[in-house]
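Everything on this sheet refers to the single structure shown next.
These numbers come from the heavy atoms of this one structure, side chains and all, not from hydrogens, waters or symmetry mates.
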Amino acid sequence: MEELVNRCLMVGLPGTSLPAHLEELIATGLGGLILFGRNLDGADQVRALTGAARAVRGDLLVGVDEEGVEPGHFVALGGPPRAGNHALGALDDVDLTRRVGADIGGYLSALGINVDFAPCADVNALPENPVIGVRSFGSDPALVARHTDAFTAGVQGAGVAACAKHFPGHGATRIDSHVDLPEAELTEADLTPFLACSPDRAAMVLAAHVRYRGLGGEPASLNRRILTGLLREELGFRGVAATDALEMGAVSGRMALDEAAVRALAAGADLLLVGSAEVDARKVRDAVLAAVADGRLPRSRVEEAAGRVRELAERFAVAAAPAPSGAGAGGPDAEAGERLAARLAPEPLGAAPYVVEMRGPDFGFPERFAGLPEIAASLDPAAGGVVLAEAPPGGAGRVLEEAGSGAGGGPRPLVIGVQDAHRTPWMRGLLAELLERRPDAVVIGTGLAEDAGPAAGAAAFLPAYGRSPALLRPLLAALLGRSR
């Protein structure tokens with residue numbers, strides 16, 4: 001029974017090598033490891049880590065969140081910048097989305113990773129949603145469904161298990177489940193993309209820490225009516241059902257992690273994600289064993305879950321693969337950026353601009369990708385700029401003073417980048433001040449299309465659909481009259 005319970009666990013690790021206690025867990029059946037930025041220090045190191053883990057036991061899952069959205073874990077490893085789901089949805093070319101998925105799958109497989117916790121199948125029904133945004137392919141359920149299917153086909157065609165998330169839908173929530181428990185109404189629109197995954201396409205589905213009105217008080221990740229009744233019995237899904245990380249605030253703010261693990265398995269989850277390196281997975285295992293021993297959790301439920309996880313590991317066994325290549329021109333993500341820039345066809349500025357980029361939360365990756373000012377300077381060394389995470393003292397006057405004047409003594413061209421200004425008061429206020437004084441400014445939206453509203457006073461609004469250099473570089477190159 002200990003081996004069966006271990007098989008139902010996928011856990012995080014603290015650093016860039018395999019600690020002894022996880023070697024022991026892998027040897028006794030651990031289902032898998034999940035990697036985060038703290039575990040990545042170059043492609044060779046990642047391959048050594050995954051190789052060391054599989055040297056202990058070969059049928060091991062190694063997963064990562066690589067949704068194709070910047071910032072991403074692998075930019076620091078020299079991986080190609082990704083276009084992201086929102087940009088792919090804007091282009092609505094399912095073959096391109098499939099090729100992006102295949103490129104991501106091939107890159108991960110070459111690192112020894114055989115699970116990608118992607119795609120994000122959430123329908124972006126609420127622009128105020130603080131956690132989905134450009135991770136979604138869009139707000140049209142049918143569009144999200146066809147790109148969910150295409151991305152999944154690409155990833156799994158490269159030998160990596162895809163995991164559609166966040167079942168049954170996180171797109172209409174006003175609270176980030178990392179922080180607290182969101183509540184939402186479950187609609188047919190939410191389910192439409194997951195129907196594209198059932199029952200045979202996606203190997204995995206990840207359950208949301210979201211409570212749905214009329215479906216009980218538990219979040220989907222701990223809810224039998226959703227995991228067993230809806231997912232298995234109504235939709236016919238036959239793959240592995242994983243929970244979102246159990247240490248997230250939506251769950252850990254209401255119960256002990258050990259209790260959450262027992263409830264999730266009882267509800268129908270197969271794979272329990274515990275991403276925090278500070279959690280001792282052995283204690284979680286022991287709590288599940290105790291629940292089996294006292295009859296709260298049927299042995300048959302653990303056997304069923306462990307069997308599905310084992311079958312997944314066997315289906316996506318890692319084959320020998322070449323080392324992943326670094327960033328380069330001509331890949332599908334670069335193609336997406338070039339096509340979007342060509343579609344926008346902005347009027348060249350005629351001189352080196354001052355670029356003001358306003359950013360929202362970086363979700364822990366601020367050092368992983370270049371911002372608008374840095375990209376502009378790489379295209380034209382005369383370009384200047386600043387990245388702002390809050391309104392500066394002195395407001396718009398201070399920013400424009402730093403921008404200075406152009407070569408002829410007049411004002412420099414001004415480019416302003418905003419990310420979800422429609423739901424960020426400081427950003428909206430500063431943007432209004434800047435546009436009042438500089439209505440000739442060009443605004444680049446790196447978040448949702450709703451930013452066109454706050455940018456209405458600008459000379460032009462250019463939606464980039466994300467913050468990836470794959471999107472921003474060709475757009476800025478067009479503005480600066482440069483080749484990328």
Side-chain angles (χ1 to χ4, degrees), residues 67-72 82-92 97 118-145 147-148 151 165-166 169-178 182 184 187 189-190 193 336-337 339-341 343-344 346 356-363 365 369 371-372 387-389 415-432 435 442-458 460-472 475:
E67 299 175 21
V69 177
E70 295 292 344
R82 301 296 178 183
N85 290 356
H86 204 51
L88 294 172
L91 287 167
D92 196 14
T97 298
C120 183
D122 301 302
V123 178
N124 215 358
L126 189 68
E128 293 76 25
N129 191 314
V131 70
I132 301 301
V134 296
R135 299 167 69 190
S136 169
F137 289 110
S139 58
D140 176 5
L143 179 146
V144 176
H147 288 276
T148 293
F151 187 97
K165 64 185 184 185
H166 306 78
H170 206 322
T173 61
R174 296 181 183 275
I175 294 173
D176 181 353
S177 54
H178 292 87
T187 69
D190 291 310
R339 285 170 59 178
L340 284 169
R343 190 166 79 179
L344 290 169
V356 180
E357 181 179 4
M358 306 184 211
R359 280 189 193 166
D362 283 316
F363 297 111
F365 302 98
F369 62 103
L372 279 165
V387 175
L388 301 173
V415 174
I416 306 169
V418 293
Q419 178 203 4
D420 296 342
H422 68 278
R423 63 178 181 86
T424 312
W426 76 263
M427 199 181 295
R428 195 163 55 248
L430 181 58
L431 177 61
L435 292 180
V442 171
V443 177
I444 295 176
T446 61
L448 301 181
E450 281 71 16
D451 281 338
F461 175 75
L462 304 174
Y465 302 100
R467 291 188 290 172
S468 169
L471 304 171
L472 298 179
L475 182 55

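- Pro193 places none of its side-chain heavy atoms less than 4.5 Å from the side chain of Phe137.
- Nearest heavy-atom pair across Ala90 and Arg343 is O-NH1, 3.3 Å.
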**OP:** Check the pair Ile175 / Val131 against side-chain contact (heavy atoms from CB on, under 4.5 Å), numbers first and verdict last.
**Re:** CA-CA 8 Å; Ile175 294 173; Val131 70; over 6 Å; no

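- At a threshold of 4.5 Å between non-hydrogen side-chain atoms, the residues Val144 and Ser139 do not count as touching.
- Between Ala83 and Ala336, the shortest heavy-atom contact is CB-CB, 3.8 Å.
- A distance of 7.5 Å separates CG of Asp420 from CE of Met427, quoted to the nearest 0.5 Å.
- The two residues Pro141 and Ala189 make their nearest non-hydrogen contact at CG-CB, 3.5 Å.
- For the pair Thr446 (side chain) and Val418 (backbone), a donor-acceptor distance under 3.5 Å is present.
- Among all heavy-atom pairs drawn from Phe151 and Ala118, the shortest one is CE2-CB, 3.8 Å.
- Residues in residues 127-138 take part in these salt bridge (charged side-chain N to carboxylate O under 4.0 Å, His left out) pairs, two or more places apart or across chains: Glu67-Arg135.
- In plain terms, the two heavy atoms of Thr148 and Cys120 that are nearest each other are OG1-O, 4.4 Å.
- Checked against Leu340 for a side chain to side chain contact (heavy atoms under 4.5 Å, CB included), the options Leu462, Leu475, Leu88, Leu91 give a single hit: Leu91.
- Residues Leu372 and Arg467 form no side-chain contact, since every pair of their non-hydrogen atoms from C-beta on lies 4.5 Å or further apart.
- To the nearest 0.5 Å, atom NZ of residue Lys165 and atom CD1 of residue Ile132 are 8.5 Å apart.
- The closest side-chain heavy-atom distance from His147 to Asn85 is not below 4.5 Å.
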**OP:** Could you check Arg174 against Asn129 for side-chain contact (heavy atoms from CB on, under 4.5 Å), going step by step and ending with a plain yes or no?
**Re:** CA-CA 5 Å; Arg174 296 181 183 275; Asn129 191 314; over 6 Å; no

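- The shortest distance between side-chain heavy atoms of Ile416 and Leu431 falls below 4.5 Å.
- In this structure, the side chain of Asp176 engages the main chain of His178 through a donor-acceptor pair within 3.5 Å.
- The backbone N or O of Gly417 lies less than 3.5 Å from no partner atom in the side chain of Glu357, so there is not a single donor-acceptor pair.
- Side-chain polar atoms of Ser136 and His86 form no donor-acceptor pair below 3.5 angstrom.
- Between Leu448 and Asn124, the closest side-chain pair of non-hydrogen atoms falls below 4.5 Å.
- The structure places CZ of Arg423 at 9.5 Å from CG of Asp451, a figure rounded to the nearest 0.5 Å.
- Between the side chains of His170 and Asp190, no donor-acceptor pair is found at a separation under 3.5 Å.
- In this structure, the side chain of Arg82 does not engage the main chain of Val69 through any donor-acceptor pair within 3.5 Å.
- The structure places CG of Leu430 at 12.0 Å from OG1 of Thr424, a figure rounded to the nearest 0.5 Å.
- Considering only residues two or more places apart in sequence or on other chains, Asp122 meets the side chain to side chain donor-acceptor pair (under 3.5 Å) condition with His166.
- Closest of all the heavy-atom pairs between Ala184 and Thr173 is CB-CG2, 4.1 Å.
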